[in-house]
Asks: 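Handing you this structure, nothing more for now.
Letters A, B, ... mirror the listed sequences (proteins, then strands); counts begin at 1. Source: prediction; values computed, not measured. For the numbers below, each heavy atom of this structure counts, side chains included, while hydrogens, waters and symmetry mates do not.
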Amino acid sequence: MRTPAVLALLLVLGACSSSATWGWYVIDPRTAQGWTNVKFLFNGMAATIQLSLLAAAISMAVGLLVALPGFSEKRGWRIVNRVYVEFIRAIPLLPMLFWVFYGLPLIFRSMGLNVPIDAFWGAVITLAISDSAFTSEIYRSGIQSIAKGQTEAAQTIGLTRAQTMRYVILPQAIRRILPPLANQFIYIVKMSAFASVIGMQELTRRANELVVTEYRPLEIYTLLIFEYLVLVLVISAGVRWLERRMGSNERG
Amino acid sequence: MPDSAIEMIGVNKWFDDFHVLKNIDLTVAKGEKVVICGPSGSGKSTVVRCINRLERHQKGVIRVDGIELTDDERSIIAIRSEVGMVFQQFNLFPHLSVLDNLTLGPIKARGLSRRDAEDRARQYLDRVRIPEQADKMPGQLSGGQQQRVAIARSLCMEPKVLLFDEPTSALDPEMISEVLDVMIGLAEDGMTMVVVTHEMGFARKVADQMVFMDAGEIVESGPPGPFFEAPKSARCRQFLSQILKH
């Protein structure tokens, strides 16, 4: 534990002295140029957050829609669920991003629709769909972890399948679903960096652009990593707070 | 209106290759109390679970209050609305208060107003003698109290028949009698009951008809007097001597 801490400290201290390899001046907020650069980098934060939140929200909704047919008694519905999950899960994020951004507008156009997909929406759609296969599996395992007796008891008091899900299963499953969903959200935040390759002005794109003009990759990418770290730590704290609140409800 | 609450004629069921129910014939008259006993794995729980379609039978006829149980969703819903069930593991909804456990069915399945449903719930909590627990969560109650809440939850649907699947098997000994007392009260009020249990004292007291099952068959059935005093089959005699030994 101590050794890495010392090493990290040395790294930072060494970096502060202006040696040949380190040039923190590019992001030194005390200088005018440094301050401009830092502002430029942090201005990507809002876009990253918007993109991640929107993608996560859509992914959670689509994931649930995809998970539900997996519980159907009809085999056809279960197959729909399996095909979606297996297919989407198999597509790497970057090719899917290219396909959505460069390919999907062509499909729309061939259908006579004029649906422009800009970098933001291309990234949102890709992240959401790609992630929905995983959220769907999270819902499935969470729902399946609720004992069969709960469903049976709900049936014997006359609830329909939909009511059983809504009032009995989901409220219990949500506590088991939340922690892995939070993991997925963190994953989305990190994967949102891929949006930089289609030109979206988020954190990573901004860092790339600054590196091109300043040619200080080490310092700029170090700051970039810490920007993501801050985001993820904030999410973790939020999730722990949410879990505590729900946990105390359950015991009641 | 038919006189029998439940009719099972030649009911058969298989779990894959395993023949769990073999030609079950059982008639339960209105107001009658039937106690089913037998060694574990004899199919006694499965019989009860077939009556409200928690398990699907593959052959034979089951009628509840004259309605035949088929694959038709409507027949299943119609029958479930007349049949209440109490489980070995209580199966209360742990995220809902006792009162909400009781009102969920009446409000969502029967369309009662919250107010009417709560009035009804409190009335049945009185009946199972725990009116003061209405606002607690199930996890705060003892096993015996939870099972009584589960009985009240079934009663809130005002069923014509109550099924009990080993209602006291998961309870500590000192809590068994509080549940049996409630069940005896229901029996005295004329409820039609089918009870799977090993509580032979309870059986002697309330049963109109005893049923002994083994290996998926009804081996012996009849009124409790002769059933306990002079069982006809060797298997039944052996089973009774084992569980009454202590």
Asks: Tell me which of these, Leu163(B), Val86(B), Leu104(B), Asp100(B), has more heavy-atom pairs under 4.5 Å with chain A than the rest.
Replies: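 The residue among Leu163(B), Val86(B), Leu104(B), Asp100(B) with the greatest pair count is Leu104(B).
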Asks: Kindly compute the distance separating CD1 (Ile77(B)) from CD (Gln155(A)), expressed to the nearest 0.5 Å.
Replies: 10.0 Å
Asks: What part of Ala154(A) lies closer than 4.5 angstrom to a heavy atom of chain B: side chain, backbone, both or neither?
Replies: both
Asks: Check whether Ile76(B) gets within reach of chain A through its side chain, its backbone, both or neither, counting any heavy atom under 4.5 Å.
Replies: neither
Asks: Give a yes or no on this: more than 12 heavy atoms of other residues, nucleotides or ligands lie within 6.0 Å of atom OH of Tyr187(A).
Replies: no
Asks: Output the distance between atom CD1 (Ile157(A)) and atom CG (Asn91(B)), rounded to the nearest 0.5 Å.
Replies: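 The CG atom of Asn91(B) is 11.0 Å from CD1 of Ile157(A), to the nearest 0.5 Å.
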Asks: Looking at NZ of Lys108(B) and OG1 of Thr164(A), how far apart are the two atoms once the value is rounded to the nearest 0.5 Å?
Replies: 12.5 Å
Asks: Check whether any side-chain heavy atom of Thr156(A) sits under 4.5 Å from a side-chain heavy atom of Phe87(B), and report yes or no.
Replies: yes
Asks: Donor-acceptor pair, distance only, cut-off 3.5 Å: does the side chain of Gln150(A) make one with the backbone of Pro94(B)?
Replies: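 Flag not set: sc Gln150(A) to bb Pro94(B) has no pair under 3.5 Å.
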Asks: Answer yes or no: are there more than 12 heavy-atom neighbours, outside Glu86(A) itself, under 6.0 Å from its atom CD?
Replies: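 Yes - once you tally the heavy atoms of other residues, nucleotides and ligands closer than 6.0 Å, there are more than 12.
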Asks: Identify which part of Arg49(B) has an atom lying under 4.5 Å from any heavy atom of chain A, answering side chain, backbone, both or neither.
Replies: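 Looking at Arg49(B), just its side chain touches chain A.
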Asks: Among Met85(B), Gln89(B), Arg153(B), which has the most heavy-atom pairs under 4.5 Å with chain A?
Replies: Arg153(B)
Asks: Show the nearest heavy-atom pair for residues Val168(A) and His95(B), with the distance to one decimal.
Replies: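 Scanning both residues, the minimum pair turns out to be O-CE1, 3.5 Å.
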Asks: Got more than 12 heavy atoms from elsewhere within 6.0 Å of CZ, Phe226(A)?
Replies: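 Counting other residues, nucleotides and ligands, CZ of Phe226(A) stays at 12 neighbours or fewer.
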Asks: Does atom CH2 (Trp14(B)) have a neighbourhood of more than 12 heavy atoms from anything else shown, all under 6.0 Å?
Replies: yes
Asks: Can you run down the salt bridge (Lys or Arg N to Asp or Glu O under 4.0 Å) pairs that involve residues 180-199 of chain B, sequence neighbours left out, and say none if there aren't any?
Replies: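 Found Arg127(B)-Asp189(B).
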Asks: Any idea which heavy atoms bring Ala109(B) and Gly158(A) closest together, and the distance?
Replies: CB-O, 3.3 Å
